[in-house]
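Here is the structure we will look at, set down as structure tokens.
Quick note: residue numbers are just sequence positions, from 1.
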Amino acid sequence: MSMKVYNTLTRKKEEFVPIEPGKVKMYVCGPTVYNLIHIGNARPMIVFDTVRRYLEYKGYEVNYVSNFTDVDDKIIKKAIEEGVDADVISERYIGECKKDMAALNVKPATVHPLATREISGMLEMIEQLIHKGHAYRAADGTVYYRTRSFREYGKLSHKNLEDLRGGSRSLLVSGEDQKEDSLDFVLWKPKKEGEPYWESPWCQGRPGWHIECSVMSRKYLGEEIDIHAGGEDLVFPHHENEIAQSEAANGKTFARYWMHNAFLNIDNRKMSKSLGNFFTVREIGEKYDLQILRFFMLSAHYRSPLNFSQELMEAAKNGYDRIATSVGNIKFLLENTKGGETLTHQESGLLKEADEYRKKFDGAMDDDFNTADALSAVFELVKFINTHVSEKSSRAFLSALKEEILLLCDICGLILDRKEEMLDAEVERLIEERREARKARNFARADEIRNQLLEKGIILEDTREGVKWKRA
């Protein structure tokens, strides 16, 4: 089965065919670093990290670039409030963002470029656009993109220029009287008092937001790329403007496939600070292992709106724990089984049956990265494992099933062995003390320890093979 990707540009699923066989060039718009990332930021990070992981599983060499916007009005505002330079703010929150990404098991990009370190490339592209007649300098040194010069403007968002002129104000900024056309947008703007700035042929100033991604994509991936991705809020004007800039400057198609994840809502309302329904990843991490947040994000197709609520997070926790408990049981049996090292005839047949779940998983992911259906295949494998493994299973059978389920979960970026990390020194000591208490027939103390562990979220199960445990 060939891999299908829904292309925002064409509004249909298309067979995925990279520019260069065996290699994928992928650019994902990253956050503006002025605060801790929120769970809305986390969705594209998790979604497109999973896309990358699946492409790598399929054998592709993926060059994955995701930027940090480290110069922006919000960063400058935060710096002024704290009385520090803007780079102090951006460096702080790049570090915090990377911590959250690591906790979510989002792999570092091949390159994480910073806007402030790519100014020379931005100046070069702006000069190219001026030279080709796609941009012009206003009296105060502002450089605008001449929107109507790019005849295909609107092809990604499917917006009509006349409709934009009549109703939308998305492209409009201060200094309207300087523009040739109200739809033109900023490539370079003059400095303001107290703001960071760079020298340019037009004025001391800083770049507009849209130019940075066009430049960084060209530098690190080339003039044509396979996949450009981000949240659906970026389709217009950001990605539309990127296309206009890049294709006008380079004279080539910018990206073959455009992928966009849908919005995240909070309790069926759009996430908003003003509504009081705004959560950072760090806040969620205080209540849940962030692997549960990752599981939650993958429980719906990336193009479907996703509603975040306490009830749905609890459901995600239960789902994640079902998988983790199954893996934990296999590990326990591997450590304690007396089964043989070779497969029995029956086990060989069962492994062929288990392989069907991987095929279901692959089929779901090949269909526009449908992680919801892929996780359903994982749960079918969990049920199969729980049904067919026992203390009589061979080590070969147990090892094969363990590798199978860990592989599928790794493609989803789900870490399942964190449950071992949850048993800290105190809990381990209590389990051993309880074992000694039972040996001494001090059942009152054994029950007391069981209750202590239950308070810590650890459930004990006494079996013939020893003590098993799982999360509550």
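The six-membered or imidazole ring of His134 lies away from that of Phe150, with a centre-to-centre distance of 6.0 Å or more.
Distance CG/Asp72 to NZ/Lys77: 12.0 Å, rounded to 0.5 Å. The structure places SG of Cys213 at 3.5 Å from OH of Tyr27, a figure rounded to the nearest 0.5 Å. Between the CG atom in Leu221 and the CG atom in Asn63 there is a gap of 5.0 Å [rounded to 0.5 Å]. Expressed to the nearest 0.5 Å, how far CG of Leu293 lies from CZ of Arg43 amounts to 11.0 Å. Atoms CG and CZ, on Leu187 and Arg137 in that order, are 13.5 Å from each other to the nearest 0.5 Å. One finds the CG atom of Asp100 at 7.5 Å from the OG1 atom of Thr280 (value rounded to the nearest 0.5 Å).
A donor-acceptor pair under 3.5 Å is formed between the side chain of Thr50 and the backbone N or O of Ile46. Side chain of Asp233 to backbone of Phe263: no donor-acceptor contact under 3.5 angstrom is found. Counting only distance, with no hydrogens or angles, the side chain of Lys402 and the backbone of Ile330 share no donor-acceptor pair below 3.5 Å. Of the possible polar contacts, one joining the Gln245 side chain to the His210 backbone as a donor-acceptor pair under 3.5 Å is found. Between the side chain of Asn261 and the backbone N or O of Arg303, no donor-acceptor pair lies under 3.5 Å. Asn41 places a side-chain N or O within 3.5 Å of a backbone atom of His38 that can act as its donor or acceptor partner. Remark: the backbone N or O of Pro113 is not paired with any side-chain donor or acceptor of Asn67 at under 3.5 angstrom.
The shortest heavy-atom contact between Leu312 and Asn307 is CD1-O, 3.0 Å. Across Ala115 and Val71, no two heavy atoms sit closer than the pair CB-CG1, 4.2 Å. In terms of heavy atoms, Cys203 sits closest to Pro190 at SG-CA, 3.6 Å. Among all heavy-atom pairs drawn from Asp226 and Ile19, the shortest one is OD1-N, 2.7 Å. Here the closest heavy-atom approach between residue Ser214 and residue Ser246 is recorded as OG-OG, 2.9 Å. Taking both residues in full, the closest heavy atoms of Cys409 and Ile323 are given as SG-CG2, 3.8 Å, listed atom of the first, atom of the second, then distance.
Judged by the 6.0 Å distance and 45° axis criteria, Lys159 is positioned over the aromatic ring of Phe236.
Side-chain polar atoms of Tyr64 and Glu56 form no donor-acceptor pair below 3.5 angstrom. With no hydrogens or angles considered, a side-chain donor-acceptor pair links Arg218 and Asn250 at under 3.5 Å. Between the side chains of Tyr288 and Glu314, at least one donor N or O sits under 3.5 Å from an acceptor N or O.
Using a 4.5 Å cut-off on side-chain heavy atoms (C-beta onward), Met122 and Ile119 make contact. Proximity of Thr147 to Tyr145: side-chain heavy atoms (C-beta onward) are separated by under 4.5 Å at one or more points. Side chains of Ile415 and Asp289 form no contact here, defined as non-hydrogen atoms less than 4.5 Å apart. With a 4.5 Å cut-off on side-chain heavy atoms, Ile39 and Met297 count as touching. Side-chain contact between Leu414 and Asn105 is absent, with no heavy atoms from C-beta onward closer than 4.5 Å. In this structure the side chain of Pro196 never reaches within 4.5 angstrom of the side chain of Asp87, judged on heavy atoms. Annotation: side chain of Phe48 is not in contact with side chain of Ser66 (no heavy-atom distance under 4.5 Å). By the 4.5 Å heavy-atom criterion applied to side chains, Leu55 and Phe16 are counted as neighbours.
Contact check on Asp181 versus Arg146 returns no salt bridge, with no Lys/Arg side-chain nitrogen under 4.0 Å from an Asp/Glu carboxylate oxygen. A salt bridge does not link Glu195 to Lys189: none of the charged side-chain nitrogens sits closer than 4.0 Å to a carboxylate oxygen. One finds no salt bridge joining Asp70 and Arg117 here, because no Lys/Arg side-chain nitrogen approaches an Asp/Glu carboxylate oxygen to under 4.0 Å. Comment: Lys155 engages Glu247 in a salt bridge, judged by a side-chain N to carboxylate O separation of less than 4.0 angstrom. A salt bridge does not link Arg358 with Asp362: none of the charged nitrogens is closer than 4.0 Å to a carboxylate oxygen. Taking the charged nitrogens against the carboxylate oxygens, Asp73 and Arg206 do have a contact shorter than 4.0 Å, which makes a salt bridge. By the 4.0 Å N-to-carboxylate-O rule, Glu96 lies close enough to Arg282 to be salt-bridged with it.
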* Taking it one step at a time, do Glu242 and His238 satisfy side-chain hydrogen bond (donor to acceptor under 3.5 Å, both in side chains)? -> CA-CA 6 Å; Glu242 280 190 65; His238 185 51; 3.2 Å; yes
* Report the C-alpha distance between Cys412 and Arg53 in whole Å, list the side-chain angles of each, state the deciding distance to 0.1 Å, and finish with yes or no for side-chain contact (heavy atoms from CB on, under 4.5 Å). => CA-CA 7 Å; Cys412 294; Arg53 287 170 178 270; over 6 Å; no
* To do: Assess whether side-chain contact (heavy atoms from CB on, under 4.5 Å) is satisfied between Val65 and Met216, documenting all intermediate values.
  => CA-CA 9 Å; Val65 177; Met216 290 186 276; 5.5 Å; no
* Dump the intermediate steps for side-chain contact (heavy atoms from CB on, under 4.5 Å) on Met101 and Asp49, then the final yes or no. => CA-CA 10 Å; Met101 289 170 67; Asp49 175 68; over 6 Å; no
* Going through the checks in order, is the side-chain contact (heavy atoms from CB on, under 4.5 Å) test met by Thr371 and Met365? -> CA-CA 6 Å; Thr371 55; Met365 293 296 283; 3.9 Å; yes
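Within 6.0 Å of atom NZ in Lys23, 12 or fewer heavy atoms from other residues, nucleotides or ligands are found, so the atom counts as exposed in its surroundings. Heavy atoms from other residues, nucleotides or ligands lying under 6.0 Å from CD of Glu61 number 12 at most.
Residue pairs meeting the ring-ring contact (aromatic ring centres under 6.0 Å, His included) criterion with at least one partner in residues 88-107, sequence neighbours excluded, do not occur; the list is empty.
Across His239, His228, Glu232, a single residue satisfies side chain to side chain donor-acceptor pair (under 3.5 Å) together with His260, and that is His239. Of the options Asp367, Asp366, Asp368, a salt bridge (charged side-chain N to carboxylate O under 4.0 Å, His left out) to Lys13 is made by Asp367 and by none of the others. Each of Trp202, Tyr136, Trp188 was checked for a ring pair (Phe, Tyr, Trp, His ring centres under 6.0 Å) with Tyr144, and the lone residue meeting it is Tyr136.
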